[in-house]
Trainee: 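Before I ask anything, here is the structure I am working with.
Just so it is clear: chains get the letters A, B, ... in the order the sequence lines come, proteins before strands, and each one is counted from 1. Please read all numbers here as calculations on a predicted model, not as lab measurements.
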Amino acid sequence: MVAHLLRLRLLLLASSLKRSAWQVVGLVFGGLYGLLLLGGAVIGLIALAFAPLEIAQTTIVLGGATVVLGWLLLPIILNGIDETLDPARLAVYPIPMPQLLVGLTLAGIVGIPGVVTLIASLATIGTWIRNPVAAVAAAVCAMVAVLTCVVGSRAVAAAASGFGTRRRTREIMGVIVFIPLLLLGPLLSGIGQGLSDAAASLPSIAGIVAWTPLGAVWSVPADIVAGNPGVAALRFAIALVTLAALVAAWRYFLADALVNPRVSSGGGPRAKGLGLFGKMPGTPLGAVAARALTYWFRDPRYVRSLIIAPLLPVLFYFYYLTNGNEALLVTSGPVVALALSLSIYSDVSMDNTAFALHVSSGVSGVADRGGRVIAVLAFAVPILVLIGVGTVAVTNTWVTLPALIGLSFGILFSGLGIASVVSARVVFPAPLPGDSPFKSPPGAGAATLASSFASWGILAVIALPEIVLGIIAVVTGSLVLGVVNLFVGLVLGTLFMVIGIRWGGKILDRRAPDLLQQLMRQR
Amino acid sequence: MTQPGAAAAPQGDGSAPVQPVAVPGPGYPRTSSTAAALSIRGLTKRFGDKVAVDGIDLDIPVGSFYGLVGPNGAGKTTTLSMATGLMRPDSGTVRVLDVDVWRDLLAAKRLIGVLGDGVRLFDRLTGRQLVTYAGLLTGMDRETVQQRVDDLLRLLDLVESADKLVVDYSAGMTKKVALACALVHAPRLLVLDEPFESVDPVSAANIRDILAGCVRNGGTVIVSSHSMDLVQRMCDHVAVIAAGRVLVAGTVDEVRAGESLEDRFVELVGGRHGGDGPEWLRTS
């Protein structure tokens, strides 16, 4: 039975590759990248054999604890792990629980992340090779660690699907976990800055982590080398208890999930009345705008883009605080404008086959394009004004405000125009409705890559006047040039936006059915 | 016997003015008059090497309740997609009430209401919002849309769930709200792909009443279904499609020729295995 589950996993892996050549290409590149990382890690770990004991221990404990933490968090971020061996699908077969657990665990190790973790963990044998007892301990601990990773992530996934039966809870969790991850970089660099003088404190952090379930298992060989068999035994006990607890939790949640399958009904949120549909004009254009704007706030795939907008300036502000470099902070308005204008590239792909409603109702292409643009403008304009005012307030360079706002709006409007044309022609890969916003389908074809590069190029060209003027105005601090740039940005941007909507609308009128067929294939 | 509609839906109250259509015996009803709600000529579509639709000719008379039946993969959905302007045919013409669909898409789409099978909905909207959206997209004014949405939600027993997100609906409720989207602009030709799948019996009966009402008032309804029983009871015309071709088309009575529609269908399409299955399955 265990062998069956394992074979099923391999078959699923193989047949997923048969579906598209691009997926193979993606896997090869992903594999190469993984190999490169893995090679680096293995070489590094073996090299640690020649480092002082303290450095080796600190590195392995902190690195290992991060890997375990990553495995535990992954199912929450990805809204469930790779569902190819979803217990819910196995519920109908009479498989004894112990065999199911063993089978699923082994299947979890087979797969790129599992194999990479296994090899890297076993590489710690190389670190301790000069002490045979520690090397043997390292081999045992590596196995325990990998099992902890796999079982832990399965347990978290099973638990999440247990009390995350409510769709909304799951979705909110997925997005919320994402925010600290985004801010992790600047936070770490901030902390690192403070600690770089006191790098000596890392070993003491590792000392604490080594007593936690995340790090204990990684510390055992080092403790043996250091001549503390008692500490080593104690930490190994912590590791074993952790693994046992995770297995027990997994078993409990799995047994629960098998008899209480995840159903997507139940309460669910309610929204009284028509919402935005009652506020926007009762025309096709207004309806598309109301629909798109509703999605921006209700669909996690859009919400992700929406929370990046205010987080980017925050990120840049952190760097400004640590480096005192204003340049990055000042550009946050235009950068957010760029990100927001490009976000509607994948609008139609996000609709997926729901786009059929637009095709079958015969809505005009201009209304379709325009409505989506209006939805973005509705929140992008106030956000960009706020960011502009915020950045000049922080840097205390109010004279540059008109130039920055002009540049932001110029980029936003022109970008929306370009996106309106391009997305009427090309279907960009996007997460399916209801999928995790972080699951991006592999295999962005050459055509989509080429067209996104091309549209960046075009945007750079048609927004060149406000880019050049804006830079000159900001550098020289000229208010007159800034005001000129405000007008140039608004007028040119609006012009390109209107052209883009009309052109894209015309394309859509002609080939909406073909676009729909492309979407059908993408499903 | 040749009177079309004689075997119509149980609701058929005799007074239903079914458009007289000359049907020359069993086989293809070739009506050259303008009475065709949907007229398909030489329609083909291939996906790669596979011919999905292989030269279909079909006339669907105005005021008929037309069933489209066929085994899985017969090309029903592809045919209906091409007939409603959702998929460009490789060749052939489609006319809806004398409008050439692929010449004048907009005019045709105003006449057609579509319920697609296996097509997603904008399911992050509430049921009320979704139907309102469908109405507004066709360019109707807000008051009309509002009134029709209220009527449709009531007719389809969706009032209680109107403020819930469609993503949280059950499969049957999702079908019903999709049907409301297809009905909201009062189309003269309704094309419904598998409208009764996973709909509970009470709702199905309500839907049948609504559709029969459409037909009584001069509308035309095309339904694809796997349920022969349902088609036999509900529809007055039927076409059997297999491997991208029309095997037979006509009134239900003509097609079934005295047998039940299901028997006739199996006879036409073939593929039945005899016997009770392998011995080891006979456990008792």
Trainee: Would you say Arg103(B) has more than 12 foreign heavy atoms packed within less than 6.0 Å of its CZ?
Mentor: no
Trainee: Report yes if the side chains of Gln129(B) and Leu276(A) come closer than 4.5 Å at any heavy-atom pair, otherwise no.
Mentor: no
Trainee: Among Leu285(A), Val288(A), Thr283(A), which has the most heavy-atom pairs under 4.5 Å with chain B?
Mentor: Val288(A)
Trainee: Heavy-atom count check: over 12 atoms from other residues, nucleotides or ligands less than 6.0 Å from Trp503(A) CH2?
Mentor: no
Trainee: Would you mind reporting whether Arg124(B) and Thr294(A) have side-chain heavy atoms less than 4.5 Å apart?
Mentor: no
Trainee: Is Glu143(B) close to chain A through its backbone or its side chain, or both, or neither, when contacts mean heavy atoms under 4.5 Å?
Mentor: neither
Trainee: Can you give me the closest heavy-atom contact between Pro513(A) and Gly85(B), atom names plus distance?
Mentor: CG-O, 3.7 Å
Trainee: Using non-hydrogen atoms only, which part of Met350(A) is less than 4.5 Å away from chain B: side chain, backbone, both, or neither?
Mentor: neither
Trainee: Can you tell me how far apart OG1 (Thr353(A)) and CG (Leu86(B)) are? Round to the nearest 0.5 Å.
Mentor: 11.0 Å
Trainee: At their closest point, which heavy atom of Ala354(A) faces which heavy atom of Phe122(B), and how far apart are they?
Mentor: O-CE1, 3.3 Å
Trainee: Which atoms of Phe277(A) are under 4.5 Å from chain B, going by heavy atoms: the side chain, the backbone, both sets, or neither?
Mentor: both
Trainee: Just checking heavy atoms, which of residues 359-369 of chain A are less than 4.5 Å from chain B?
Mentor: Val359(A), Ser360(A), Ser361(A), Gly362(A), Val363(A)
Trainee: Side-chain polar contacts of residues 131-140 of chain B - donor-acceptor pairs under 3.5 angstrom, sequence neighbours left out - could you list them?
Mentor:
unit_1	atom_1	unit_2	atom_2	d
Thr132(B)	OG1	Arg128(B)	O	2.6
Tyr133(B)	OH	His358(A)	NE2	2.5
Thr138(B)	OG1	Gly135(B)	O	2.6

Trainee: If you count heavy-atom pairs under 4.5 Å with chain A, which of Val149(B), Leu125(B), Leu130(B) comes out on top?
Mentor: Leu125(B)
Trainee: Taking CZ in Arg188(B) as the centre, count heavy atoms belonging to other residues, nucleotides or ligands within less than 6.0 Å. Is the count above 12?
Mentor: no
Trainee: What's the shortest heavy-atom distance between Gln517(A) and Met87(B), and which atoms?
Mentor: OE1-CE, 3.3 Å
Trainee: What's the separation between atom CG in Leu519(A) and atom CZ in Arg120(B), rounded to the nearest 0.5 Å?
Mentor: 10.5 Å
Trainee: So which atom in Arg298(A) and which in Leu165(B) form the shortest heavy-atom distance, rounded to 0.1 Å?
Mentor: NH1-CD2, 3.5 Å
Trainee: If you look at every heavy atom in Leu274(A) and Gln146(B), which pair is closest and at what distance?
Mentor: CD1-NE2, 3.5 Å
